[in-house]
Amino acid sequence: MKSIVILISGRGSNMEAILDAALPLETRAVISNRPDARGLDTARKRGIAAIALDHKNFPTREAFDAELLATIRHHRPDYIVLAGFMRILTADFIAQYENRIVNIHPSLLPAFTGLNTHQRALDAGVKIHGTTVHFVTPALDHGPIIIQAAVPVLPGDSEATLAARVLRQEHRIYPQALAWLAADRIELRDGVVQIRNPGVVSPVPDATFVVPDED
Ligand code: GRF
């Protein structure tokens with residue numbers, strides 16, 4: 001069975017969705033750069049090693065990443081899963097786990113990289129918004145896309161209502177992406193993800209799944 005370490009910074013609802021999915025994946029540890037992250041308690045209650053590594057205790061990004069890397073290596077995961085981890089990782093860190101770090105981003109990449117995606121989507125007047133699970137590369141929010149879910153932007157939406165609609169889909173697609181990873185179905189060809197035998201990704205209300213075609 002493949003193993004993961006999950007990195008969080010806060011609430012940890014994506015982490016919970018991943019744990020609830022009971023995937024054939026061993027979660028070896030949950031690490032937060034914020035000691036007060038609610039998700040650490042959730043992990044602890046489930047008997048998972050929950051580690052706080054406060055980035056404020058490190059003089060530089062490099063120093064924090066070095067300690068983070070050492071902590072992760074101790075647990076020897078196959079993959080690193082970023083679930084609401086609000087720190088930019090250094091290129092050196094990413095190189096140590098090339099194509100083995102996945103992230104969820106609350107927009108349809110490559111639109112709206114970075115922060116405040118829901119408000120920016122509203123300000124831009126887009127009619128379709130969504131979320132993306134992708135591999136992490138040194139280019140922020142630009143790595144190969146594994147799965148996306150799209151939701152409509154509805155008249156009268158606020159940042160909060162739109163965020164909630166997107167979050168429901170995040171909780172759906174992240175476990176799906178990790179199920180493919182666990183089953184070794186994800187292949188990268190020229191920087192583009194191919195899924196071998198993706199199976200049926202069941203539709204859910206107000207979302208459209210975009211699954212790469214089989215060969
Ligand atoms: C999610 O919207 C995720 O896409 C973004 O930060 C939020 C984290 O939420 N990167 P949670 O901690 O998983 O509840």
Side-chain angles (χ1 to χ4, degrees), residues 4-19 27 29-44 48-72 75 77 79-97 100-123 129-143 145-149 159-160 162-171 173-175 177-178:
I4 58 173
V5 162
I6 304 177
L7 305 191
I8 62 168
S9 295
R11 181 175 58 183
S13 71
N14 276 288
M15 175 201 76
E16 265 191 278
I18 291 163
L19 297 175
T27 303
V30 171
I31 304 173
S32 172
N33 66 304
R34 296 216 183 103
D36 59 353
R38 205 198 318 157
L40 282 178
D41 288 335
T42 313
R44 216 168 273 131
I48 298 167
I51 302 159
L53 203 59
D54 191 345
H55 64 275
K56 293 199 196 88
N57 293 339
F58 296 85
T60 60
R61 190 175 292 282
E62 287 71 24
F64 172 75
D65 274 17
E67 184 60 28
L68 181 62
L69 191 59
T71 309
I72 292 170
H75 293 278
Y79 297 101
I80 299 173
V81 173
L82 309 184
F85 182 65
M86 303 303 282
R87 295 277 303 174
I88 294 173
L89 295 166
T90 56
D92 280 352
F93 180 106
I94 294 166
Q96 301 300 314
Y97 279 88
R100 294 200 290 147
I101 309 175
V102 289
N103 181 44
I104 188 152
H105 182 77
S107 79
L108 288 174
L109 292 175
F112 307 118
T113 60
L115 297 172
N116 304 320
T117 54
H118 307 307
Q119 188 58 52
R120 286 160 59 211
L122 288 172
D123 293 346
H129 185 43
T131 177
T132 304
V133 177
H134 65 98
F135 284 111
V136 172
T137 61
L140 182 69
D141 298 330
H142 267 108
I145 291 168
I146 299 170
I147 184 171
Q148 297 184 299
E159 189 180 4
L162 185 55
R165 191 174 307 121
V166 171
L167 191 65
R168 278 198 296 280
Q169 303 313 321
E170 294 187 36
H171 296 165
I173 66 169
Y174 218 169
L178 296 182

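- Between Leu108 and Ala149, the closest heavy-atom pair is CD2-O, 3.5 Å.
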Without placing hydrogens or testing angles, list every side-chain donor-acceptor pair under 3.5 Å for residues 49-59, not counting sequence neighbours.
| from | atom 1 | to | atom 2 | distance (Å) |
| --- | --- | --- | --- | --- |
| Asp54 | OD1 | Lys56 | N | 2.9 |
| His55 | ND1 | Asn33 | O | 3.3 |
| His55 | ND1 | Asn33 | ND2 | 3.0 |

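- A salt bridge (Lys or Arg N to Asp or Glu O under 4.0 Å) check over residues 108-123, counting only residues at least two apart or in different chains, returns nothing.
- Residues Ser32 and Ser9 approach most closely at OG-CA, 3.9 Å, considering heavy atoms.
- Asp92 has its side chain out of reach of Glu62: every pair of non-hydrogen atoms, C-beta onward, lies at least 4.5 Å apart.
- Counting heavy atoms from C-beta outward, Ile104 and Pro106 have side chains that stay 4.5 Å or more apart.
- Listed by chain and residue number, Arg44 satisfy the salt bridge (Lys or Arg N to Asp or Glu O under 4.0 Å) test with Asp41 (two or more places apart in sequence, or in another chain).
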Open item on the list: Is there a side chain to side chain contact (heavy atoms under 4.5 Å, CB included) between Asn103 and His134? Walk through the geometry before answering.
Closed with: CA-CA 6 Å; Asn103 181 44; His134 65 98; 3.2 Å; yes
- [ ] For Leu122 and Gln119, run side chain to side chain contact (heavy atoms under 4.5 Å, CB included): C-alpha distance rounded to whole Å, both residues' side-chain angles, the deciding distance at 0.1 Å, then the answer.
- [x] CA-CA 5 Å; Leu122 288 172; Gln119 188 58 52; 4.3 Å; yes
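- A donor and an acceptor atom, one from each side chain of His129 and His118, are located under 3.5 Å apart.
- Side-chain atoms of Gln96 and Asp65, non-hydrogen and from C-beta on, never get closer than 4.5 Å to each other.
- Atom OG1 of residue Thr117 and atom CG of residue Asp141 lie 9.5 Å apart, to the nearest 0.5 angstrom.
- Nearest heavy atoms, Val166 versus Gly130: CG1-O, 3.5 Å.
- Considering every non-hydrogen atom in both Leu7 and Phe85, the closest pair reads O-CB, 3.5 Å.
- For Thr42, the side-chain contact (heavy atoms from CB on, under 4.5 Å) partners at least two apart in sequence or on another chain are Met15, Glu16, Arg46.
- Residue Tyr79 holds its OH atom at 11.0 Å from CD1 of Ile4, rounded to the nearest 0.5 Å.
- Atom CD of Glu170 and atom CZ of Arg165 lie 13.5 Å apart (nearest 0.5 Å).
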TODO: Go through the steps to decide whether Ser13 and His171 satisfy the test side-chain hydrogen bond (donor to acceptor under 3.5 Å, both in side chains), and finish with yes or no.
DONE: CA-CA 8 Å; Ser13 71; His171 296 165; 2.8 Å; yes
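- Exactly one residue among Val102, Asn14, Val133, Ile8 makes a side-chain contact (heavy atoms from CB on, under 4.5 Å) with Val81. That residue is Val102.
- Atom NE2 of His105 and atom CG of Leu115 lie 8.5 Å apart (nearest 0.5 Å).
- Environment of CZ in Arg100: crowded, with over 12 heavy atoms of neighbouring residues, nucleotides or ligands closer than 6.0 Å.
- Here the CD1-CZ distance, from Ile94 to Phe135, works out to 13.5 Å after rounding to the nearest 0.5 Å.
- Evaluation of the side-chain contact (heavy atoms from CB on, under 4.5 Å) rule for Ala111 yields no partner, not counting sequence neighbours.
- Contact between Ser107 and Thr132 at its shortest, heavy atoms only, is O-OG1, 2.7 Å.
- Listed by chain and residue number, Arg61, Leu140 satisfy the side-chain contact (heavy atoms from CB on, under 4.5 Å) test with Ile88 (two or more places apart in sequence, or in another chain).
- Shortest non-hydrogen contact noted between Ile146 and Ala177 is CG2-CB, 3.9 Å.
- Leu89 is listed as a side-chain neighbour of Leu68, based on a closest heavy-atom distance under 4.5 Å.
- Taking CD1 of Ile18 as the reference point, atom CG of Leu178 lies at 5.0 Å (rounded to 0.5 Å).
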TODO: Take Phe64 and Thr90 through the test side chain to side chain contact (heavy atoms under 4.5 Å, CB included) and record every step on the way to the result.
DONE: CA-CA 10 Å; Phe64 172 75; Thr90 56; over 6 Å; no
